[in-house]
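Chain naming here is simple, since letters A, B, ... match the order of the sequence lines and numbering starts at 1 in each. Quick caveat: nothing in here was measured; it's all calculated off a predicted structure.
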Amino acid sequence: MNNPNQATNYRTHYCGELSAENISNQVSVCGWVKRRREHGEKLAFIDLYDHTGIIQCVVDEKLNLGGEFVLKITGTVSERPEGTVNPNIKTGDVELTECEVEILNKAEPPPIPLDERVEVDENLRLRYRYLDLRKEKIQKNLRVRAKINEAFRSSMSEQGFLELETPLLIVSTPEGARDFVVPSRLHNGNFYALPQSPQIFKQLAMVGGIDRYYQIARCLRDEDLRADRQFEFMQLDVEASFVNQEDIIEIITAATKNALCAVLGDEISEAVEFSEMTYETAMENYGSDKPDTRFEMLLTDITQIFENTQANVFKAECLKAINVLGGVDKISRAQIDDLTDFSKKLGAKGLAWFKVGPKVDAAESLDGPLTKFLSADEMKALVESVSASSGDLILVIADTHQVANRVLGQIRVQLGTELSLTSGNEIQSAEDLNFVWVTDFPLFEGLDETGTPICAHHLFTMPHEDDIDLLVTGGGEGMLKARSLAYDLVLNGWELGSGSIRIHKPDIQERVFAALGLSEEETKKRFGYFLDAYKFGAPPHGGFALGIDRFTALLSGEENIREVIAFPKTQTGQDPMTGAPNRISDIHLKELGVQVPPEEK
RNA sequence: GGUCCUGUGGUGCAGCCUGGAGUGCACGCCGCCCUGUCAAGGCGGAGGUCGCGGGUUCAAAUCCCGUCAGGACCGCCA
């Protein structure tokens, strides 16, 4: 027996683990009826399945079975007669014969087909999630997820990290995402918040001398949902003392590699590369802080070429171009129009395009609606700057620096999909997984309407040592140049996680607060307990948090994290199975000291 | 808060553009037949508030407006 510990008084084997090695063994299997093929009174084939797979059982009597009936079948493992082997299933060499069938439970016909090939409406899938879960794909995904969690735990433990639990009922802070809140019964009118992350606690754990903390933590954010976002999600949450950025990168890389090995095996995992690039490089070359580095087609700055141009549309702060190799044949005019619409939706004024023809003279070979406004020198320089040759398509966005990068970056990703420049979500080899550490994130992401900087990460992020002076001398715009010791881990264009080195010295923290225009009184009110802690000898420390849902989705070849979550919610945050969220009784509300608007109709 | 796509027997689709009887396909379900099938096969049958509301029209699944639900995205997610 392969899994002796999983034999029970009901069964000796799982359906999917029977093979030629078991031939002539008497076995018992339990599971659900996948399909039946009945041939009159004396012969029927029953495909019984559990999470491990399907086994064909040969029954020589007429049974009144329905799909999804729960059976225990005891029989003999037999080699299939010649010509009846089924190579499509794992157990296709064998079948169960001389079967004794016990119906453990009947089942109504399922409201959704449990056939993998049928794509069922999301609402129905979630309403009957317990049936959806029986499908092979989700079973596999959830097991990948468990393996990842297990590998993370063992790696963190090996690296000397202590698994520490932090509270779910915490204090609400105005920073960051919207909090989910919980009314207090004992303190009417007061609310707990559910943690957006255990950030505060893991940092205080460092002050507390825990040294190395980790947790597979549930985080909750009341923001609108997306394919890669649910209200509640899981993070591998990490914090360590006496470390710098390189230490954290090393620790997380090791944990991530351990998870890759667990899921994909050692051979592929060891060949997977982790690269590093600065935020600035990512933005300039990929137009994104989460660059998909599986393919090239980098953004090129061509602003200088058109410094004195006569073409009005190119009189802009910044011009960026990408060269679509062979794009003339691969991209239709209709696709270009779609991309133009796409750019406009994303905030650009338009998308300029040039087809490169076969002529030697660059100016003569270019074709496109804007060529008549450009000089020969400009066209020549354009073609050279992106190393274009005959058959290539050059796309240009002229706008502000920020818009040009962002929009062209999204077009690049879109084209990556349309032109199949990546393997999509399939993972066949190490090249299909491209990890990038993006470092040197800016400390501030912009200025608010009063000219005050807005934190890019959080308030406790350590500024880059070379840029600390900018906080004092830089002024509003100047401060935006300040870098921080914040970093992201990116996989195939998805932000997997982020972290930073924290400020552990009160004087630096004060400088950041001052830059943000926060008075001492205000910071005391908002973060008093936290700042107090840092007066009593906080060690240098930093950390990271890695999104388990996204990581699992990517390793499972899924585009939506719902596919790797057992009981997810819809895009509007509802659970069609349980009906959450719902109204609660007036008595309940009264006890909590909460008033709500009357129910409509 | 916004944009786009989708909503038709239990399920997945077609029909909608160009209005004319709830029309069609596949799966599932029920009944009968069938001793080597494996997405079994054959014959027969049941099953519908065309998401909901309003409008236009002699007539609406189809056109228009609104609304609800699902999905993708923008905003948002320190």
Polar atom pairs (N or O), protein with nucleotides 73-75 of chain B, under 3.5 Å:
from  : atom 1 : to     : atom 2 : distance (Å)
B:C73 : OP2    : A:A227 : N      : 3.3
B:C74 : OP2    : A:R226 : NE     : 3.2
B:G75 : N7     : A:R226 : NH2    : 2.8
B:G75 : O6     : A:R226 : NH1    : 2.9
B:G75 : O6     : A:R226 : NH2    : 3.2
B:G75 : N1     : A:D224 : OD2    : 2.7
B:G75 : N2     : A:D224 : OD2    : 3.4

So what does [X] hit on the nucleic acid, given a heavy-atom distance under 4.0 Å: a base, only sugar-phosphate, or nothing?
X	result
A:E95	base
A:T173	nothing
A:Q196	nothing
A:A456	sugar-phosphate
A:N123	sugar-phosphate
A:R35	sugar-phosphate
A:T84	base

Task: Cation-aromatic face contact A:K34/A:Y49, 6.0 Å, 45 degrees - done: yes
TODO: Taking only the side-chain nitrogens and oxygens of A:R37, find out if one of them lies under 4.0 Å from OP1 or OP2 of B:U37.
DONE: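 Negative; the distance criterion is not met.
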TODO: Check whether any side-chain N or O of A:R562 sits under 4.0 Å from OP1 or OP2 of B:A72, and answer yes or no.
DONE: yes
For the pair made of [atom1] in [X] and [atom2] in [N], what is the distance, rounded to whole Å?
X	N	atom1	atom2	answer
A:M577	B:G70	CE	P	15 Å
A:D488	B:C77	CG	C1'	13 Å
A:Q414	B:A72	CD	P	15 Å
A:H39	B:C32	NE2	C1'	16 Å
A:L126	B:A69	CG	P	15 Å
A:I54	B:U37	CD1	P	18 Å

Open item on the list: Is it the case that the ring center of A:H458 lies less than 6.0 angstrom away from the ring center of A:F527?
Closed with: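 That pair fails the under 6.0 Å test.
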For [X], does the [atom1] atom sit with more than 12 other heavy atoms under 6.0 Å from it, leaving out its own atoms?
X	atom1	result
A:E223	CD	yes
A:E445	CD	yes
A:E563	CD	yes

- [ ] Working to the nearest 0.5 Å, report the span between CG of A:D179 and CG of A:L194.
- [x] 8.0 Å
Open item on the list: Please check: side-chain N/O of A:R226 versus main-chain N/O of A:N560, any donor-acceptor pairing under 3.5 Å?
Closed with: no
Open item on the list: My understanding is that a pair needs two contacts under 3.5 Å, Watson-Crick or G-U wobble. By that rule, which nucleotide pairs with B:A40?
Closed with: none
Please give the distance between the [atom1] atoms of [N] and [M] as a whole number of Å.
N	M	atom1	result
B:G2	B:U57	C1'	34 Å
B:G22	B:A14	C1'	14 Å
B:C68	B:G53	P	15 Å
B:G75	B:U6	P	24 Å
B:G15	B:G51	P	15 Å
B:U11	B:C63	P	23 Å
B:C65	B:G71	C1'	24 Å
B:U56	B:G44	P	46 Å

Task: Nucleotide nearest A:Q56 when distance is taken to its side chain, options B:C34, B:G36, B:C77 - done: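 It is B:G36.
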TODO: Would you indicate which nucleotide in B:A39, B:U37, B:C29 comes nearest to any side-chain atom of A:R36?
DONE: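 Nearest nucleotide to the side chain: B:C29.
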Task: Option passing side-chain hydrogen bond (donor to acceptor under 3.5 Å, both in side chains) with A:E239 (candidates A:R502, A:Q215, A:Q199) - done: A:R502
Task: Listed partners of A:R550 passing side-chain hydrogen bond (donor to acceptor under 3.5 Å, both in side chains), at least two apart - done: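 Not a single residue meets the side-chain hydrogen bond (donor to acceptor under 3.5 Å, both in side chains) criterion with A:R550.
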Open item on the list: Both A:P81 and A:N560 contact RNA chain B. Which one's nearest nucleotide lies toward the 5' end?
Closed with: A:P81
Open item on the list: Taking the nucleotide of RNA chain B with the nearest heavy atom to each, does A:G66 or A:Q574 sit closer to the 5' end?
Closed with: A:G66
TODO: List the steps, then state whether side chain to side chain donor-acceptor pair (under 3.5 Å) holds for A:E558 with A:N425.
DONE: CA-CA 6 Å; A:E558 297 290 353; A:N425 293 356; over 6 Å; no
Restricting both atoms to N or O, compile the protein contacts to nucleotides 11-17 of chain B shorter than 3.5 Å, with distance only.
from  : atom 1 : to     : atom 2 : distance (Å)
B:G12 : OP1    : A:D121 : N      : 2.9

- [ ] Run the numbers on A:Y487 and A:D440 for side chain to side chain donor-acceptor pair (under 3.5 Å), then give the verdict.
- [x] CA-CA 7 Å; A:Y487 33 84; A:D440 293 352; over 6 Å; no
